[in-house]
Amino acid sequence: MKKKFKFFSVLMLALVLVLAACGGGKKTEDTGKTGAKSGKTEKSDAKGGTLNVALDAAPEGNFQSIFAGSEVDSRVISYFNDGLVDYDDELEMKPYLLSWKDKGDGKTYEFKLKKGVKWHDGNELTINDWIFTLETLADKDYDGPRYTGVQDVQGAQAKHEGKADKVSGIKKIDDYTAEITFEKKKVNNLLNLWTSAPISEKVFKDIPVKDMAKSAEVRKNPIGIGPFKVKKIVDGESVEFEKFKDYWQGEPKLDKINLRVVEQTSLVQALESGEVDMASVTAPIAKEVKESGNEKLQVLESPSVSYMIIGFVLNDFDKKALKIGKERPKYQDLKLRKAMAHAINRDEWIKAFLYGYGEKINGLIPSEHWVAADKDQLDDYKYDPKEAEKLLDEAGYKDKDGDGFREDPQGKPFEVNLKHYAGSNPTFEPRTAALKGYWEKVGLKTKVQMVEFGKFGTDLENADKSMEVYFRSWSQGADPDPSGLYRSDALWNESRYNNPEADKLLDDALDFDKVGTDKEKRKDLYVKWQQLMNKELPVIPVAELVDTTVVNDRVKNYEVSLKGTNPIYEWAVEDKK
């Protein structure tokens with residue numbers, strides 16, 4: 001299966017991607033509407049042939065999951081490497097290649113690996129490979145985005161700080177069995193543990209950890225245990241795959257899969273001409289394809305855990321120490337933040353720029369997650385410019401010089417500095433212009449700037465002084481716990497919101513001694529956290545999305561759902577005679 005979650009446990013990303021191994025979230029560009037059912041193509045017994053898939057951005061070339069820092073790289077990896085666990089329709093983790101049992105203390109688990117699974121080089125996958133992967137993540141020289149996948153294991157921090165050679169909480173029992181002990185009894189220990197695609201110990205054991213990410217074994221000749229083998233990589237342009245006949249789930253139906261970068265401006269033409277068979281698309285492309293009336297193309301929709309926010313950077317931040325610093329006064333006034341929320345016509349905005357592939361939200365946990373608050377449990381910041389103006393007046397933001405724009409309570413010029421990541425989505429600039437229009441309608445002068453995606457993420461991680469108000473898209477991941485995005489010490493708490501009450505709610509929801517296996521207790525804590533964030537409004541929730549994929553009529557046996565796609569080895573192509 002090509003999963004949506006494991007590659008980002010995620011957090012850490014693409015950056016986004018990144019989040020990793022399964023919890024957290026990912027930074028991403030956006031696509032679409034929630035509540036959609038899974039989409040699928042026709043069934044076929046066809047075998048052989050080549051599937052051509054479009055990539056919407058150039059891969060960075062980090063083609064092993066523990067080094068992948070972009071969503072595109074993780075997509076490429078999903079064709080040639082498999083994760084060790086799977087997820088059900090409720091996003092609950094379930095055994096796949098790896099099974100487990102609690103040893104009884106809530107912290108120690110025994111893991112069993114399936115026998116007979118082969119790497120592309122013919123060697124067998126063993127527990128040594130997974131242990132080696134975990135040890136690499138904890139190594140002091142590892143500087144990739146996935147340390148979170150091992151940080152909760154006993155002794156991982158000591159190795160990460162260079163105080164130990166091994167992770168003390170990892171114990172090999174035999175070639176297919178390991179025992180892992182976590183530091184604390186936490187509800188999501190298993191979800192946070194790196195059980196995504198492993199790396200081969202035999203391939204990487206002689207490569208220093210600091211050199212792994214730049215090695216040919218990652219960038220040019222990566223191997224995995226997945227259904228297809230890498231045949232050829234053209235940096236930043238394309239990846240060619242051929243089927244792996246010894247794949248553990250059986251020989252794939254397709255002979256080859258080709259991935260290549262296609263510019264958004266020419267994507268629809270490439271789909272219509274048959275040059276491309278499949279593409280994950282943004283809402284504007286999905287709209288264009290639907291309106292084209294081309295009977296050979298089908299837009300498949302599936303629910304997602306992706307959503308959009310507008311955030312306020314409220315404090316300084318020490319990235320190295322992961323600590324909140326000095327308060328930034330500009331957006332501390334809650335009435336100002338609420339006024340900015342009421343000024344936005346989200347229903348109009350979603351219709352204009354998401355074309356029906358989005359719904360308004362007021363919470364910070366996507367509705368597809370079982371811990372999401374019900375709509376009636378949260379305040380709805382409805383479009384109400386009169387209320388926005390009233391709140392601004394009460395807070396002292398008034399037009400004192402008669403130029404049509406409000407000054408701050410001290411009578412000084414006030415300007416909202418909004419930043420949005422740059423990209424090929426044609427709605428990026430007009431949708432930020434719309435936000436500018438909403439705020440200026442209530443008297444808040446606004447400046448908008450599009451920032452290169454990498455710099456945008458880096459500036460937010462560093463709480464750069466230039467970052468004040470920002471637009472961001474996130475994908476929550478399989479774990480509904482939002483700590484990786486909003487706890488005060490989290491790297492991706494980009495608003496730098498700092499509230500001990502909010503942190504305690506998040507911590508209690510993970511504390512096994514407090515919630516145990518009682519899902520209702522855990523949900524109650526997360527609902528209280530969502531209500532607190534809804535009232536404090538360090539970020540304005542805008543919309544949650546749906547994933548959209550376009551396929552042509554050659555594609556068979558393909559299905560998309562909340563948890564990703566059906567297994568790639570099942571996919572087929574069939575040319576009409």
Side-chain angles (χ1 to χ4, degrees), residues 1-11 13-14 16-26 28-41 51 53-56 65 68 70-98 191 194-197 224-228 241 247 249 252 254 257 259 278-281 299-307 366 368-370 474-480 544-551 555 557-572:
M1 160 166 308
K2 190 176 175 185
K3 305 176 185 69
K4 293 180 181 177
F5 310 103
K6 207 44 198 186
F7 290 122
F8 320 82
S9 170
V10 86
L11 296 173
L13 186 245
V16 183
L17 235 195
V18 214
L19 286 197
C22 11
K26 68 179 178 183
T28 179
E29 293 190 17
D30 38 272
T31 50
K33 156 184 163 184
T34 61
K37 302 300 182 183
S38 63
K40 62 179 68 176
T41 63
L51 177 70
V53 181
L55 296 175
D56 54 4
S65 292
S70 77
E71 188 269 341
V72 176
D73 282 0
S74 289
R75 247 189 289 164
V76 172
I77 293 166
S78 70
Y79 288 89
F80 73 85
N81 213 351
D82 281 355
L84 302 177
V85 303
D86 199 0
Y87 299 90
D88 63 20
D89 292 337
E90 303 300 320
L91 305 186
E92 294 282 353
M93 197 167 89
K94 66 180 184 179
Y96 191 52
L97 289 173
L98 198 66
L191 275 170
W194 182 261
T195 50
S196 189
I225 55 174
F228 288 84
F241 299 98
Y247 181 52
Q249 295 196 84
L254 292 165
I257 296 179
L259 309 184
M278 178 194 301
S280 294
V281 300
V299 179
L300 304 178
E301 301 177 16
S302 63
S304 79
V305 286
S306 298
Y307 63 102
E368 295 293 342
H369 276 303
W370 59 273
W474 281 109
S475 183
Q476 176 61 37
D479 184 0
E544 57 182 354
L545 313 173
V546 75
D547 289 332
T548 47
T549 303
V550 174
V551 297
V555 180
N557 307 338
Y558 179 81
E559 182 174 354
V560 289
S561 65
L562 177 62
K563 63 180 181 177
T565 73
N566 61 313
I568 297 175
Y569 75 95
E570 297 177 352
W571 300 358

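Small disclaimer: the values here were computed from a predicted structure and weren't measured.
- Among all heavy-atom pairs drawn from Ile77 and Ala68, the shortest one is CD1-CB, 3.9 Å.
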task: Test Leu562 against Val305 for side chain to side chain contact (heavy atoms under 4.5 Å, CB included), laying out the working first.
output: CA-CA 8 Å; Leu562 177 62; Val305 286; 4.2 Å; yes

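- In terms of heavy atoms, Tyr87 sits closest to Lys94 at O-CE, 3.9 Å.
- Among all heavy-atom pairs drawn from Leu84 and Tyr96, the shortest one is O-CB, 3.3 Å.
- Put simply, CG on Asp82 and CD1 on Ile568 are 8.0 Å apart, with the number rounded to the nearest 0.5 Å.
- Note that CE of Met93 and CG of Asp86 are 10.5 Å apart. Values are rounded to the nearest 0.5 Å.
- Between Leu55 and Val76, some side-chain heavy-atom pair lies under the 4.5 Å cut-off.
- Although no hydrogens or angles enter the test, the distance criterion places no donor-acceptor pair under 3.5 Å between the side chain of Ser306 and the main chain of Leu545.
- Residues satisfying the ring pair (Phe, Tyr, Trp, His ring centres under 6.0 Å) criterion with Phe80, sequence neighbours excluded, are absent altogether.
- Shown here are the side-chain contact (heavy atoms from CB on, under 4.5 Å) partners of Ala54, two or more places apart in sequence or in another chain: Val262, Leu267, Val276, Ala279.
- Of all heavy-atom pairs between Thr548 and Glu301, the closest is CG2-CG, 4.2 Å.
- When every heavy atom of Glu368 is checked against every heavy atom of Ser304, the shortest pair comes out as CG-O, 3.5 Å.
- If you take OH on Tyr247 and CD1 on Ile225, they are separated by 7.5 Å, rounding to the nearest 0.5 Å.
- Contact record, Trp194 with Ala197: NE1-O, 3.3 Å, taken as the closest heavy-atom pair.
- Annotation: the span from Glu570 atom CD to Glu559 atom CD amounts to 9.0 Å, rounded to 0.5 Å.
- Contact check for Tyr558 versus Thr565: side-chain heavy atoms found under the 4.5 Å cut-off.
- Under the 3.5 Å distance criterion, the side-chain polar atoms of Thr549 are left unmatched by any main-chain donor or acceptor of Leu300.
- The closest side-chain heavy-atom distance from Val560 to Asp547 is not below 4.5 Å.
- A parallel orientation is assigned to the rings of Tyr79 and Phe241, their planes being inclined by less than 30° (bins at 30° and 60°).
- In terms of modelled atom types and a separation under 3.5 Å, the side chain of Ser78 and the main chain of Arg75 share a donor-acceptor contact.
- Side-chain N or O atoms of Asn566 include one that pairs as donor or acceptor with a backbone N or O of Asn557 at under 3.5 Å.
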